[in-house]
Amino acid sequence: MTSYLSSISSVSDVKKLSDQELHLLADEIRSFLIEHISKTGGHLASNLGVVEMTLALHSVFDSPKDKMIWDVGHQAYVHKILTGRKHLFHTLRKYKGLSGFPKRSESEHDIIDTGHSSTSISAGYGMACARDLQGGDYSVISIIGDGALTGGMAFEALNHAGHSNTNFIVILNDNEMSISQNVGGLSSYLNRLRTDPAYFKMKVDVESLLTKIPAIGKAVFKTAEKAKDSIKYFLVPGILFEELGFTYLGPVDGHTIKELKMVFKRAKNIKGPVLIHVLTKKGKGYSYAEENPDKFHGISPFDIETGSVVPSGSGRPSYSAVFGKSLVDLAKNDPSIVAITAAMPSGTGLNEFAKTYPRRFFDVGIAEQHAVTFAAGLALNGMRPFFPVYSTFLQRAYDQIVHDICLQNLPVVFCIDRSGLVGNDGETHHGVFDISFLSHIPNMTLLAPKDGKEFERMLSFAAAYQGPIAIRYPRGESDNFATITVDPEVNPLKAEILTEGNDLCIIAIGNMVRTAYDAAEALRSQDIHCKVVNARAIKPLDQETLLQACEGIEHIITLEDHVVTGGFGSLVLNLFNRKQDIKEKQIRNLGLPEAFIEHGDVEELMEQYGLNVEGLISCIRKLLGK
């Protein structure tokens, strides 16, 4: 058999293939994706669904002259394969390897760095306007999924772009609807009619003719316009987009290359903004992904034959799982508890809560801003909202946290999942800014558990807390320090001293407490005795315990999985600066640099930035002159 994929080294090679050959290439690409992602992990289902659409795009448009902007970008793997990065796919999402998202430094075909949703239409329209101002001649295409379209920013951009005459194409990749032959046939006819140049010329000629009729011409034209609109409301499926000012084309079968190419070519010749509605099947070509698209949206390495994820780790429950179970238990005795998710029920551990308490579970779509103010409304009327959200996505709702929650001191619980380094998704997904943007807000309380048991206690504490409270916790398995916990009851606002020592004091938060503890135990055999403090509360700091713990100790290290700038260490530094002569102490803040951290395994990144046990030991020895 001919291997078409082996002959593809650039997008120009795609244009040489017939439609039939492109379909054969699509099959090869699906096999390629399944084989590689089963080893590296990554976003499989979404990429399997856009193979034909991506091939058709590169057949009709000329990248990188024509600008393709992939919303979120997790579905751009096929685009990467076709633009000369096929040979790097074994490094996908690995340290120093191929990014799992579009990345400008990686290829001229990646137009904008992305990783968060609902941004493509805004960025695309901005590029289209810049093109017009500069006298350019190329197409701008934003590809957005139906999930990302639930983000309010997408509708803001549609509303703005639709009121212009700017040539701009939006492709709506809809993998939720089934394809109806009747609707498809009717819309194909309407698309041909409405995109035919003769149709647009006829509209202009009719308007010109009618308005020239003395006295009644304009009235007749307005009546004709109303009649046309009435018919359009019945016949045109995308009337919402038409009303926003877009010419709507679709629905189009997203797995038929000939039809896709035909519609894309028409869209290039339409004046003004165009929206193409493409229907695709998420996970197409791999039965396990078709049946479980959510599971295979972002998947760890898996067995191709069974679809089962390859086991890793100790089998301890993840922090997300601990959260989900704890919230179900808390809700049994407190009917005011409700849960909110921004389209991430599975990722944040809310599946069981949604099944157990369906009326108290709210999925708002990809709309973090709305989620926070929605929580404010619930809290104002006596409910206790829990909003589990990835740290990197909570950034999008900063104003709502300040204005709608903290200003009014409302009892909303923010459960900040994936705080710290998350690994292979890289810069756009690391949760390393939340302390900085939350700790300075009045009324906000911020906690970080060292293990799963402490997390459970913090959740129980938060359920009764009178005011805004946030608990940050990492991705992955929860630890269990129960055997060395000083206070088994766990007062979340009170720090605990885990080990004694007079040579140096390490004040750590969250999962970095384990690193501090292990380093202190290793140094004890070298006759270096470190005191380890689990801060628990980032804000407010337990000033009494921290100051007492450091009495008589010259060297202090703060340890956090967060940028040092504006982080936990800066809060401790400020405490000592206010409470005593800081010249008596040598305080070293250890954390991440003020930088966007690349993708890679968490262990590799921790080693890179000296935040693993070995790096901490080395730092302590240097600090003590040993």
Side-chain angles (χ1 to χ4, degrees), residues 336-338 340 342 368-417 419-420 431-449 457-473 491-495 507 509-510 535-547 558 560-580 582 589 591 594:
S336 71
I337 289 178
V338 295
I340 302 167
E368 290 82 7
Q369 292 172 291
H370 164 58
V372 173
T373 305
F374 175 60
L378 285 163
L380 283 165
N381 250 24
M383 305 306 289
R384 177 71 59 160
F386 278 71
F387 179 32
V389 57
Y390 290 8
S391 172
T392 185
F393 300 145
L394 186 60
Q395 296 165 186
R396 315 188 85 181
Y398 175 75
D399 181 61
Q400 286 70 28
I401 297 169
V402 174
H403 182 272
D404 300 326
I405 304 295
C406 290
L407 182 64
Q408 302 177 86
N409 200 28
L410 298 179
V412 174
V413 185
F414 296 95
C415 298
I416 310 176
D417 202 334
S419 67
V432 296
F433 305 116
D434 49 75
I435 296 176
S436 298
F437 72 73
L438 289 176
S439 61
H440 64 262
I441 307 175
N443 294 328
M444 176 60 80
T445 294
L446 181 57
L447 310 175
R457 175 64 189 124
M458 287 182 177
L459 289 167
S460 179
F461 176 83
Y465 191 74
Q466 296 305 310
I469 186 167
I471 308 172
R472 73 185 306 264
Y473 49 97
N491 180 351
L493 298 180
K494 197 76 175 171
I507 307 173
I509 59 164
R536 286 183 179 150
I538 297 170
K539 181 193 176 185
L541 289 171
D542 178 4
Q543 299 183 19
E544 181 183 4
T545 301
L546 296 186
L547 292 171
T558 65
E560 62 191 297
D561 53 347
H562 186 276
V563 293
V564 170
T565 307
F568 170 71
S570 67
L571 297 174
V572 174
L573 196 63
N574 184 49
L575 168 64
F576 280 92
N577 191 40
R578 287 185 291 107
K579 295 295 181 179
Q580 64 185 62
I582 202 168
N589 297 144
E594 187 180 321

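The analysis underlying the following values was restricted to heavy atoms, covering all of them including side chains, and did not include hydrogens, waters or symmetry mates. Everything quoted here is computed from the prediction, not taken from an experiment.
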- Task: Take D434 and L394, measure what side-chain contact (heavy atoms from CB on, under 4.5 Å) needs, and give me the verdict at the end.
- Result: CA-CA 8 Å; D434 49 75; L394 186 60; 5.6 Å; no
- Could you please spell out the steps behind the side-chain contact (heavy atoms from CB on, under 4.5 Å) verdict for V372 and Q369? CA-CA 5 Å; V372 173; Q369 292 172 291; over 6 Å; no
- Begin from the C-alpha positions of L546 and I507 and carry the test side-chain contact (heavy atoms from CB on, under 4.5 Å) through to its verdict. CA-CA 8 Å; L546 296 186; I507 307 173; 3.9 Å; yes
- Query: Given L541 and F568, is the side-chain contact (heavy atoms from CB on, under 4.5 Å) satisfied, shown in steps?
  - Reply: CA-CA 9 Å; L541 289 171; F568 170 71; 3.6 Å; yes
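At a threshold of 4.5 Å between non-hydrogen side-chain atoms, the residues C415 and F387 do not count as touching. By the 4.5 Å heavy-atom criterion applied to side chains, P468 and L410 are not counted as neighbours. Residues I469 and F461 meet the side-chain proximity criterion, which asks for heavy atoms closer than 4.5 Å. With contacts defined as side-chain heavy-atom distances shorter than 4.5 Å, the pair M444/F414 qualifies. The shortest side-chain heavy-atom distance between N589 and L573 falls under the 4.5 Å cut-off. Proximity of D417 to S391: side-chain heavy atoms (C-beta onward) are nowhere separated by under 4.5 Å. Side-chain contact between D542 and L493: absent, with no pair of heavy atoms (C-beta onward) separated by less than 4.5 Å. Using a 4.5 Å cut-off on side-chain heavy atoms (C-beta onward), R457 and R536 make no contact.
To the nearest 0.5 Å, the span separating OG1 on T558 from CD1 on I509 amounts to 8.5 Å. Note: I441 CD1 to I401 CD1 = 6.0 Å, rounded to the nearest 0.5 Å. A distance of 7.5 Å separates CD1 of I538 from CG of L447, quoted to the nearest 0.5 Å.
Across all non-hydrogen atoms, the minimal contact from Y398 to F437 is CE1-O, 3.1 Å. When every heavy atom of P385 is checked against every heavy atom of P411, the shortest pair comes out as CD-O, 3.6 Å. For the residue pair C406 and N443, the shortest heavy atom distance occurs at O-ND2, 2.8 Å. Of all the heavy atoms in G382 and S336, the pair that sits closest is O-CB, 3.7 Å. Contact detail for P388 and I340: the closest heavy-atom pair is CD-O, 3.1 Å. When all heavy atoms of V432 and D561 are compared, the closest pair comes out as CG1-O, 4.1 Å.
A distance-only check finds no donor-acceptor pair linking the side chain of D404 to the backbone of A376 [under 3.5 Å]. Between the side chain of E368 and the backbone N or O of A342, no donor-acceptor pair lies under 3.5 Å. A donor-acceptor pair is defined here as one N or O able to donate and one able to accept, closer than 3.5 Å; no such pair exists between the side chain of H562 and the backbone of G567. Using modelled atom types, no side-chain atom of K539 and backbone atom of L446 make a donor-acceptor pair closer than 3.5 Å. Using a distance-only test at 3.5 Å, with no hydrogens or angles considered, no donor-acceptor pair links the side chain of R472 to the main chain of P449. At least one donor-acceptor pair under 3.5 Å links the side chain of R384 to the backbone N or O of A463. When atom types are taken as modelled, the side chain of Q395 and the backbone of T392 share a donor-acceptor pair closer than 3.5 angstrom. Formation of a donor-acceptor pair under 3.5 Å by the S436 side chain with backbone atoms of G566 is found in this model.
With 3.5 Å as the limit, one finds a donor-acceptor pair spanning the side chains of Y465 and T445. Side-chain atoms of E594 and T565 form a donor-acceptor pair, as typed in the model, at a separation below 3.5 Å.
More than 12 heavy atoms of other shown residues, nucleotides or ligands fall within 6.0 angstrom of atom NE2 in H440.
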